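Every number for a ligand or one of its atoms is a count from 1 in the order of the listing. These numbers come from a predicted model, not from an experiment.
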Amino acid sequence: MSSRDRLLPPLGDDPERTYRLGIMGGTFDPIHYGHLVTAEQAREALDLDLVLFMPAGSPAFKQDKHVSDPEDRYATAANAAFYASRFEIDRPGVTYTVDTLGELRSRYPDNVELYFITGADAIMDILAWHDAERLASLATLIAATRPGYDIETAKARIAASGIDFDVRYIEIPALAISSSNIRELVRDGKSARYLTSESVMGYIQKNDLYVTGE
Ligand code: NAP
């Protein structure tokens, strides 16, 4: 077993059945209840065997923005979520989802199907992601939307790409919560309690995250 394998939980040991692995991709700066509800509802709706929270090490589309240290984002995810993985934060360089899915594909047996879950706004831009065509062949995409989200526009944009993406949309009312709102509240000295777990709030306060509003 390689050191990368140790970063992943085992799945797929019974060759007689198919397993479904959910991968919650995000920056998680910080993780909040909207993410947790998304993972739980995706797990139930798609009958996933396991959902891995996968904080991006160096998010591809945030190279010019301040993002909290990956260790802090991993620590808060590990505090809150059922299974948080260091798989992306331990890979040096820019985090491309296609690399993650390709690695997962080679590390899990063929009876494990991959489901990549993230926000619908991120998926709307998928054509600009690194090697989108290969990505489409590796996983089903689950796009989490807020109520009132314009799914038809998103669908049309993805359909026009000519790439055969399999995208499922799930509406998550709890996604009214956002990481950027939590960061703003903390920066302004206001309460963000109950938007995320007590342990995540405790970590944010203890480590002075978001106070400068960078
Ligand atoms: P983002 O732009 O920060 O997020 C877009 C929207 O989706 C935000 O409203 C965000 O809310 C929400 N969101 C993000 N992750 C979510 C999740 N797991 N469940 C529900 N809502 C979520 O997106 P990002 O964090 O940069 O990227 C999202 C994922 O796509 C990451 O895994 C990233 O690596 C991947 N991605 C890959 C590429 C590439 O390979 N080139 C490019 C872009 C993104 P919050 O801010 O509240 O989370």
If we only count N/O pairs under 3.5 Å, is [X] in contact with ligand 1?
X: Gly25; value: yes
X: His35; value: yes
X: Pro59; value: no
X: Thr97; value: yes

Pair Asn111-Thr18, side-chain donor/acceptor within less than 3.5 Å: no
Residues Arg20 and Thr140: side-chain donor-acceptor under 3.5 angstrom: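 The answer is no; no qualifying pair exists.
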Nearest atoms (heavy-atom pairs only) where Pro55 meets Ile89: O-CG2, 3.4 Å
Any protein heavy atom nearer than 4.0 Å to atom 10 (C) of ligand 1: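 So atom 10 (C) of ligand 1 lacks protein heavy-atom neighbours under 4.0 Å.
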Determine whether any protein heavy atom is located less than 4.0 Å from atom 29 (C) of ligand 1. yes
For ligand 1, which atoms sit closer than 4.0 Å to a heavy atom of [X]?
X: Phe116; answer: 32 (O)
X: Thr27; answer: 24 (P), 25 (O), 26 (O)
X: His130; answer: 41 (N)
X: Phe61; answer: 42 (C), 43 (C)
X: Thr118; answer: 14 (C), 15 (N), 16 (C), 17 (C), 18 (N), 28 (C), 29 (C)
X: Met24; answer: 17 (C), 18 (N), 19 (N)

Report the part of [X] (side chain from C-beta onward, or backbone N, CA, C, O) that has a heavy atom under 4.0 Å from ligand 1; answer both or neither where that applies.
X: Phe53; answer: neither
X: Tyr96; answer: both
X: Arg146; answer: side chain
X: Ala60; answer: side chain

Answer yes or no: is there an ion pair linking [X] with [Y], defined by an N-O contact shorter than 4.0 Å?
X: Arg168; Y: Asp166; answer: yes
X: Asp125; Y: Arg157; answer: yes
X: Glu198; Y: Arg193; answer: yes
X: Asp188; Y: Arg183; answer: no
X: Glu113; Y: Arg105; answer: no
X: Arg4; Y: Glu103; answer: yes

Atom 45 (P) of ligand 1 has as its nearest protein heavy atom Ser179 OG, 3.6 Å
What protein heavy atom sits nearest atom 12 (C) of ligand 1, and how far off is it? Gly119 CA, 3.9 Å
I'd like to check Thr97 versus Leu101 (side-chain heavy atoms, cut-off strictly below 4.5 Å). Are they in contact?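 Side chain of Thr97 against side chain of Leu101, heavy atoms only: contact under 4.5 Å found.
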Ring center gap for Tyr83 and Phe53 short of 6.0 angstrom: no
Evaluation steps, side-chain contact (heavy atoms from CB on, under 4.5 Å), between Phe165 and Leu127: CA-CA 10 Å; Phe165 293 109; Leu127 283 182; 3.9 Å; yes
Whether Met54 lies under 4.0 Å from ligand 1, heavy atom: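 No, Met54 has no heavy atoms under 4.0 Å from ligand 1.
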Min over Ser178, Ala144, Ala122 of heavy-atom distance to atom 27 (O) of ligand 1 lands on Ala122
When you measure from atom 3 (O) of ligand 1 to each heavy atom in Lys62, Lys65, His32, which option holds the nearest one?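 Answer by nearest heavy atom: Lys62.
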